[in-house]
Amino acid sequence: MLWKTADFAGWGRALTARCDVARPERSRALDALLADGLVPAMGMRRSYGDAALNSDGRAIEMTRLDRMIAFDAATGELEVEAGVQVGQVAEVFAPRGWLPPVMPGTGFATIGGCIAQDVHGKNHHHGGSFCQHVLSMRLRTATGVVEVTPEGTPDLFRATAGGLGQTGVILSARLRLMPVKGDVMIVTERRIADWDEHIATLDASRATYTVGWIDATATGTALGRGILEEGETGSGLVPKRAKYRKVPFDAPRFALSAPVVRAFNQLYWRRVPESGRTVVKPIGDFFFPLDKIHDWNRLYGRAGFHQFQCVVPLAAVKELRGMLESIAGSGLASPLAVLKRMGEGRAGHLSFPMEGYTLAVDFPNRAEARDLIVRLIDRTKGAGGRIYFAKDSLASAKDVAAMYPELDAWRAAAALADPERALATDIVRRLQLRGAA
Amino acid sequence: MNRTWIILGATSSMARAFARQVSADGAGVLLAGRDRDDLQALAGDCSLRGARMAEVVIFDARDPEGFPAIVERARSEDGEINAAVFVGSMPAQSDIDADPSLIDGTVTDCFSGPARFLHLLAPVLEERGMGTIIGVGSVAGDRGRLGNYVYGAAKAGFHTYLSGLRNRLTRAGGHVVTVKPGFVDTAMTWGLPGMFLVASPEQVAADLVKAARKRRNVIYTPFFWALIMLIIRHIPEPIFKKMKI
């Protein structure tokens with residue numbers, strides 16, 4: 001069967017869509033599928049909302065077009081098909097002293113997906129965004145296959161980087177890998193007592209990789225407390241990675257109720273000794289901590305969850321504190337909450353990053369949480385910040401223009417590459433990214 | 001020791017996963033199939049994952065004239081020569097009912113083509129006194145069913161051939177593993193109704209590597225298919241003939 005008709009969900013499982021999906025295993029099969037017109041491509045569907053959904057339409061899953069094509073050990077240039085998972089690249093190349101220069105929070109994301117969301121990692125303040133390390137891509141547009149490079153086709157490059165797959169089907173890409181010392185991480189963990197300390201330590205951190213876990217249930221004087229993780233690559237002995245675990249069923253609702261989360265966060269925070277500690281971890285454990293538990297999204301139960309992620313300019317740090325206050329006060333947050341300082345690096349018109357602070361918090365999919373997120377989106381806009389299309393499932397069209405000032409330029413480039421809007425997906429329609437319907 | 005795997009039908013997703021796993025162990029791979037561009041991409045991938053050598057050879061189960069060149073290419077490698085057979089085709093039973101000439105192609109792809117190739121290769125394993133052949137059959141070969149009995153019959157023929165070849169090569173120090181996969185998540189099963197307990201190609205490939213190392217004779221993969229097929233094989237024919245499974 002070429003097309004499989006089924007219900008597909010974003011990673012948050014709150015949004016689903018019935019689509020006809022094909023999953024070609026060879027380039028020739030993909031060519032045949034695209035012969036009568038473009039079809040939106042999707043990868044591992046690790047975007048939380050509806051970026052990889054096309055309700056009542058077609059989509060092509062690229063995950064089986066996953067060959068690594070060539071590597072030049074002199075320059076670190078790696079060419080891969082779009083369906084290769086970023087964690088696979090790390091697994092194969094870290095033992096030889098190379099890593100993708102930017103790695104998102106899950107190793108299951110495909111290279112095509114990393115490009116289409118211009119993802120960032122724990123080193124954004126130094127390393128910039130994913131597409132800043134992309135040297136070229138082969139893109140199947142309405143007019144055929146185009147070689148897209150930052151120098152040769154700057155407009156199309158800026159529209160494709162973070163462009164939600166709207167300029168064409170990304171077939172393959174050449175990336176520049178980064179030399180590293182070895183395939184382990186040396187990680188320093190420190191307890192952070194409150195918000196001011198959290199911001200101050202993030203500002204002061206000189207580590208290559210820095211991220212703050214935040215206890216989004218702590219209120220009052222403990223507001224913003226958490227754990228700061230700073231990591232550097234290293235080489236040496238390391239215990240074997242633990243086996244993957246699976247979540248066998250959807251968790252019941254009380255699993256993430258306020259008292260349970262508060263207790264969990266308390267324990268999690270105290271896990272790190274007061275004086276801090278330094279540990280050695282396999283690379284995957286540091287970059288992709290949740291990948292060890294397959295299908296962890298089922299922990300939120302059948303209804304699924306939403307992630308709110310915003311970035312606000314450095315000057316809006318007070319406003320961000322206010323947002324955390326309302327999150328903590330709501331008692332709705334899950335244990336998954338992250339605070340990080342971002343640099344300026346971004347490669348595309350719709351890339352998420354801006355210099356400032358980014359906060360990401362998961363919420364179970366409940367009416368109170370949805371209302372809260374909508375208010376948070378509004379406050380983000382007021383603070384001059386923006387929300388992340390890879391995570392969003394609740395924003396509306398009116399929110400976007402102010403957050404993404406280059407939207408018009410992107411729209412024009414997308415219209416050139418795909419005049420029929422054949423590549424439009426649910427997120428594009430929901431946020432009217434390519435213009436009103 | 002130098003180890004080389006000839007992988008027949010290397011463009012299939014199961015074969016791809018297997019090629020990657022033996023490449024990561026430093027084996028050489030001869031990737032055999034019809035789609036040269038696709039095999040070339042896989043060869044690059046295997047090299048990057050650690051294959052000592054990764055080359056494309058053109059193999060068409062229906063064109064035995066191409067077989068000797070592949071055997072000779074393998075023979076030019078020192079050390080242990082192994083083969084894994086992933087070829088086969090499964091036209092819908094309704095298409096076969098409409099055009100019975102499709103039976104010939106199915107039998108060639110699943111049984112007589114690979115058998116002719118392995119017959120040319122067997123002497124190489126005997127000369128060297130080592131080497132393993134993995135033949136991928138199917139649970140469909142265990143019993144003829146309404147839904148796909150031509151495919152099942154071809155696979156059953158292949159199973160019997162493998163059993164005989166095992167009998168022959170064992171005397172010379174070689175080995176044959178018969179593999180009967182259940183439902184695997186491949187292009188062949190994508191979107192088919194009635195799929196359950198579907199295994200990933202990577203899972204199946206890992207089972208194959210392990211079975212070759214342990215010199216297993218016949219394996220079902222994933223393992224629980226052994227139980228399912230035990231039951232299905234033992235349903236008395238008077239009942240089975242009325243069932244639709």
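Fair warning: this is a prediction, and the values are worked out from it, not measured in the lab. Within every chain, numbering begins at 1; the chains are lettered A, B, ... in the order of the sequence lines, protein sequences first and strands thereafter.
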Quick check: are there more than 12 heavy atoms from other residues, nucleotides or ligands sitting under 6.0 Å from CZ of B/Arg215? yes
More than 12 heavy atoms of other residues, nucleotides or ligands under 6.0 Å from CZ of B/Arg3: yes or no? no
How long is the straight-line distance from NZ of A/Lys4 back to CE of B/Met195, given to the nearest 0.5 Å? 10.0 Å
Select all residues of residues 28-53 of chain B having any heavy atom within less than 4.5 Å of some heavy atom of chain A, and report them by number, or 'none'. B/Asp35, B/Asp37, B/Asp38, B/Ala41, B/Leu42, B/Gly44, B/Asp45, B/Leu48, B/Arg49, B/Gly50
Could you tell me whether B/Arg216 atom CZ has more than 12 heavy atoms of other residues or ligands within 6.0 Å of it? no
List in chain and number order the residues that pass side-chain contact (heavy atoms from CB on, under 4.5 Å) with B/Asp185, two or more places apart in sequence or in another chain; answer none if no residue qualifies. A/Arg23, A/Arg64, B/Trp190, B/Val198, B/Pro201
Would you mind checking which part of A/Glu79 comes under 4.5 Å of any heavy atom in chain B, side chain (CB onward), backbone (N, CA, C, O), both or neither? neither
Looking at A/Asp66, A/Val84, A/Ile69, which one has more heavy-atom pairs under 4.5 Å with chain B than the rest? A/Asp66
Side-chain contact test, heavy atoms from C-beta onward, threshold under 4.5 Å: evaluate it for A/Glu25 versus B/Met188 and give yes or no. no
